[in-house]
Amino acid sequence: MLLRYVNSDKNDSTIGVRGKLKKNQETFDVVIVGAGFAGMYMQHKIQQRGLSVRLYEAGSGVGGTWYWNRYPGARVDVESVEYSYSFDDDLQQDWSWSERYASQPELMRYANYFADRFSLRENMRCDTKVTAAVYDAEKLNWHITTSQGDEVSAKYCVLATGFLSSGSVPDFKGLNDYNGNTYLTSKWPKEDINFKDQKVAVIGTGSSAVQSIPIIAKQADHLTVFQRTPSFSIPARNGPMDREYEKRVKSDYPEWRRRQRYESRAGFIALNFQPTAPNNKSAIDVSDEERLIDYETRWESGGLCYYNSFVDLLTNEKANDTLAEFVRNKIREKVKDPETAELLAPKDYPIMAKRLCADTNYYETYNRENVSLVSIKDSPIEKLTKKGVVVGGHEYEVDSVIFATGFDAVTGAIKNIDVRGVAGESLDEHWEGAPRAYLGLMSNGFPNLFFLDGPCANGALVSPMLLSEHQVEWVDRCINEIGVGLGAEIVPTLEAEDAWMQHMHDVGKDSLLHLANSWYMGANIPGKPRALLSYLGGLESYRQQCSSGEANDYGNFVKTR
Ligand code: N01
């Protein structure tokens, strides 16, 4: 069957008929995959250098993970003034956030504003998935194939595919038998969905569920939440942007950013609207009173500021349990039914070993008459039927099922592309057992290929904006140094990659992250090898290591120019 194929770009002569398709066979200096915040900044840097660039994006618009995660209540859990580009002072002065934590629609407005302000659209192709990237070891360039039939070449390929972009639905028995509506939080429809008069099920209780449950509960006739593992959640204390606060930040933005970059653990510093250094004391060396003051102050401030609390919270179980018990008691205070409160209070893993959630009225929602919690910890979901969800032999009849079941994180989106390096080795083969990437930026055997927010960097535990900016600037300098000549090629040595993996292991081995089954460890996806996917050395150490990678004319790399 002949299929009409139309590429939306008028400048591109790719209108043709599939089968006799006249493919886009252009050659670029750089091809970027993904129009999230990292990919767009990369494109801007490449354009500034005057190099030719094409960015491919699977969605119909920019925004990356924010484009797809439009579920009710979706918003960022890092303060807006900190979760925004810092590289351009005019940009950060001109843009004004309306809330302390930006909502998904506002983040989309910001992403679109950025694309327009820096003239990114012309070199971007949306609705286009990159399906394969194959390195030509003779021509020293990447051959890239897309779902729209493009077959382009590029000297460099940058995978800015995001670490939370490949949504995952467990293979529940009877999934296709269910006759009601189904939704996945990470692929939420664009149209307004209202659950009025409906019986609704939410499966999962991670960040996406924690944000959406309070809103869905207000709409639905009845909401049943199926929980396998409870989350620790901290009140976000979101609200309209305090204009005095915004003015204060903007009057000293470069200094604020410097402190985020160099004097924070995770890239955020706001505590009760003041830039504040991390607490470098041990939670078990201080008095009960001092510890409680720290915990209460952070509880009142809201959000993720516990990542800047006592220094040993993620390395010492005893220290960790002081905070875990503090939060469990807060949950017990909020939830009226003691049995429900105990089900919601996590006891089987250290706090922050799974990413903290930031909520608005999450626990309070379980005090509503129309909300019930079903623990599936000891009695998993047996199946879906035509009418609903079966647990413990009981069928819960519902009109809609919402899967808030997470992501094949960090590596999922990269693995959806058939990436082949020198000698045809696939990235999957190279990453068998666990992903390997020197500085989280490049893998041995895959020259001129960069990862942004990929594995083996510290994406999981730092503000993604800061990490993206740092990595983009590193890649930009590297491309500039090596150049785009016919003979230009750079790849990390196997020794450098091995040493980085060893360093990652050494830094992470005592972390309590190992004690939870989370996406940090790849443990949420059946069959995925259990391995720490992120570097836990902190932002400053990562920055220093990246500088060492550039030292001695990229001494840890094999390169030609
Ligand atoms: O995904 P998750 P998420 N049967 O993996 C459950 C970021 N984010 O989309 O824990 C039953 O945390 C699973 O149970 P368990 C943020 O970094 C940020 O919520 O595996 N249940 C869990 O409860 C976050 O960490 C924001 O036992 C099953 C849930 O599904 C990351 O994205 C907002 C199951 C998945 O939780 C991921 O969050 C949203 C099964 N077979 C997301 N399989 C912000 O605030 C899975 N589950 C910015």
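Start at 1 and go down the list; that is how both ligands and their atoms are numbered. If you're wondering where the values come from, they're calculated on a predicted model, not measured in any experiment.
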Taking only residues at least two apart or on different chains, which pairs with a member in residues 396-413 satisfy salt bridge (charged side-chain N to carboxylate O under 4.0 Å, His left out)? D408-K528
For F226, enumerate each residue passing the ring-ring contact (aromatic ring centres under 6.0 Å, His included) test, keeping only those at least two apart in sequence or located in another chain. Y396
Is NZ or CZ of R70 both nearer than 6.0 Å to the six-membered ring centre of Y67 and within 45° of the ring axis? yes
Would you compute the distance between atom CG of N458 and atom CG of L539 and round it to the nearest 0.5 angstrom? 5.5 Å
Can you tell me how far CG of L461 sits from OH of Y535, rounded to the nearest 0.5 angstrom? 12.0 Å
Looking at residues at least two apart in the chain, or sitting in another chain, which of them share a ring-ring contact (aromatic ring centres under 6.0 Å, His included) with Y306? none
Residue by residue, ordered by chain and number, which ones reach under 4.0 Å of ligand 1 with a heavy atom? W66, Y71, R75, V76, D77, L164, P170, F172, G204, T205, G206, S207, S208, Q211, R228, T229, K354, R355, I376, A404, T405, G406, F407, W519
